[in-house]
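All residue numbers in this chain count up from 1 along the given sequence. Being a predicted model, the structure only gives us computed values, none of them experimental. Both ligands and their constituent atoms are indexed starting at 1 by order of listing.
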Amino acid sequence: MPSTFVAKGAKAYEASMGRWSQRLAAPFLDFAGVPSCGRVLDAGCGTGSLTLSLSAYPELEAIEAIDFEEDFAATLRMRTDDPRINAQQGDVCALPYDDQTFDAVYSLLVLHFVSDADRAVQEMRRVSKPGAIAAAAVWSYDGMPSWRLFWDTVRAIEPEASGKGIPTGRRPLTAEDELRQVFENAGFADVAETTLTITMHYAGFDDFWLPKVYGQGTFAAYFDALPKARRDRLLEAMRAVYLGGGSEDGPRGFESVAFAVRGTA
Ligand SMILES: C[S@@+](CC[C@H](N)C(=O)[O-])C[C@H]1O[C@@H](n2cnc3c(N)ncnc32)[C@H](O)[C@@H]1O
């Protein structure tokens with residue numbers, strides 16, 4: 001299985017992550033750079049946050065987008081009438097493009113969900129023209145409070161559940177230097193790494209909690225499998241965590257950090 005991403009439909013993806021990847025796309029492209037013309041690839045496009053940002057660059061000739069989830073590629077096709085965009089189902093570890101096709105190859109929040117990230121980045125290198133831009137970003141494990149709060153709370157109140165659906169550690173590439181290393185190993189030159197920070201704003205506890213339990217991702221699968229009494233206990237613990245010691249529900253913002261790298265083919 002080339003993907004470890006737990007999907008539950010495009011709508012659930014938008015509520016839980018798409019709204020934040022839309023926010024990350026602009027600073028990511030500012031860091032990566034966009035070529036003044038030519039063909040670009042969004043490898044692991046999801047529902048299209050980055051592809052649609054690339055669509056704002058009129059000088060690009062073609063924008064290819066590929067994702068393992070057919071449902072996501074189909075949603076992206078419905079979201080745009082830009083004739084330069086071609087969205088299709090596919091695997092970033094076996095890209096369906098000829099060698100040296102693209103002037104830029106991007107991958108936003110994907111490589112920590114790919115079973116063989118080395119292979120995926122080698123594929124990004126293979127389809128890049130000499131001198132092309134390649135760039136990727138993944139969330140930092142320590143820099144994602146709104147995600148860590150869920151699992152850290154489960155670990156604190158359900159120690160007996162350890163090893164039964166609770167992730168035992170962080171995903172690959174989610175620490176400093178790891179993504180840069182994969183880019184260097186794949187043969188990209190002038191590899192630079194930075195951190196990108198966005199704030200995830202939630203209107204209130206329900207806006208924070210509901211997409212997590214009814215949406216895509218490992219937490220929803222874990223929560224679904226719990227008996228009702230334990231689900232209720234976890235819900236109340238998470239509410240207390242969100243309120244942060246106060247009693248008033250309302251907006252909260254969590255600063256969230258991604259590692260980004262760029263290199264030259
Ligand atoms: C967190 S989402 C990011 C999607 C999009 N780039 C964005 O920023 O909204 C991770 C995406 O990686 C895709 N993915 C995981 N493994 C993949 C693979 N081997 N090939 C293609 N897509 C993959 C998933 O289907 C999912 O859409």
Side-chain angles (χ1 to χ4, degrees), residues 1-32 40-55 63-80 85-97 104-124 126-127 134-141 143-144 146-147 167 170-174 179 182 196 198 200 211-212 215-221 256-261:
M1 185 65 164
S3 171
T4 60
F5 186 75
V6 180
K8 219 172 176 182
K11 203 168 159 208
Y13 179 74
E14 279 305 298
S16 93
M17 180 49 68
R19 56 178 164 163
W20 310 128
S21 62
Q22 279 171 34
R23 206 170 271 192
L24 191 62
F28 174 67
L29 288 178
D30 285 347
F31 166 70
V40 300
L41 170 66
D42 181 1
C45 60
T47 51
S49 295
L50 183 66
T51 305
L52 296 175
S53 295
L54 287 164
S55 173
I63 305 169
E64 289 287 333
I66 194 164
D67 198 275
F68 194 69
E69 300 293 326
E70 166 54 33
D71 186 21
F72 288 3
T75 298
L76 171 53
R77 289 194 291 274
M78 281 188 300
R79 288 178 76 186
T80 180
I85 294 178
N86 178 42
Q88 60 177 309
Q89 193 279 334
D91 180 4
V92 298
C93 297
L95 290 170
Y97 310 106
V105 177
Y106 306 101
S107 187
L108 182 63
L109 306 179
V110 176
L111 294 172
H112 48 342
F113 292 111
V114 172
S115 309
D116 187 347
D118 287 300
R119 172 103 190 115
V121 178
Q122 284 157 15
E123 279 291 273
M124 290 171 68
R126 179 184 66 74
V127 301
V138 299
W139 289 121
S140 154
Y141 178 73
M144 265 290 267
S146 58
W147 256 243
R170 61 180 181 80
R171 285 186 174 274
L173 306 186
T174 55
L179 188 58
V182 173
L196 305 173
I198 63 159
M200 297 185 178
K212 260 296 195 287
Q216 57 86 44
T218 44
F219 187 83
S256 306
V257 178
F259 295 114
V261 298

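The distance from ligand 1 to the heavy atoms of Phe72 drops below 4.0 Å at these ligand atoms: 27 (O). Of all atoms in ligand 1, listed by their number and element, those nearer than 4.0 Å to a heavy atom of Gly90 are 20 (N), 21 (C). Atom numbering of ligand 1 starts at 1 in the shown order; those under 4.0 Å from a heavy atom of Asp91 are 18 (C), 19 (N), 20 (N). Taking a cut-off of under 4.0 Å to the non-hydrogen atoms of Gly46, the atoms of ligand 1 that pass are 4 (C), 5 (C), 27 (O).
A salt bridge is absent between Lys11 and Glu14: the closest approach of a Lys/Arg side-chain nitrogen to an acidic carboxylate oxygen does not fall below 4.0 angstrom.
Here the shortest heavy-atom distance to atom 5 (C) of ligand 1, taken over Cys45, Ser21, Ser49, belongs to Cys45.
How far CG of Asp71 is from CD of Gln89: 11.0 Å, rounded to the nearest 0.5 Å. Atom CG of Asp42 and atom OG of Ser55 lie 11.5 Å apart (nearest 0.5 Å). Rounding to the nearest 0.5 Å gives a distance of 10.0 Å between CE of Met124 and OH of Tyr106. Annotation: the span from Thr47 atom OG1 to Leu52 atom CG amounts to 8.0 Å, rounded to 0.5 Å. Here Leu179 contributes atom CG and Ser107 contributes atom OG; the two are 8.5 Å apart, rounded to the nearest 0.5 Å.
The shell of residues lying under 4.0 angstrom from ligand 1, judged by heavy atoms, excludes Leu50.
Taking only nitrogen or oxygen atoms, main chain and side chain alike, Asp67 reaches within less than 3.5 Å of ligand 1. Between Met17 and ligand 1, no N or O atom pair is found at a separation short of 3.5 Å. The shortest N/O to N/O separation between Leu108 and ligand 1 falls below 3.5 Å. When only interatomic distances are considered, the shortest N/O to N/O separation between Leu109 and ligand 1 does not fall below 3.5 Å.
Counting only distance, with no hydrogens or angles, the side chain of Arg126 and the backbone of Tyr97 share a donor-acceptor pair below 3.5 Å.
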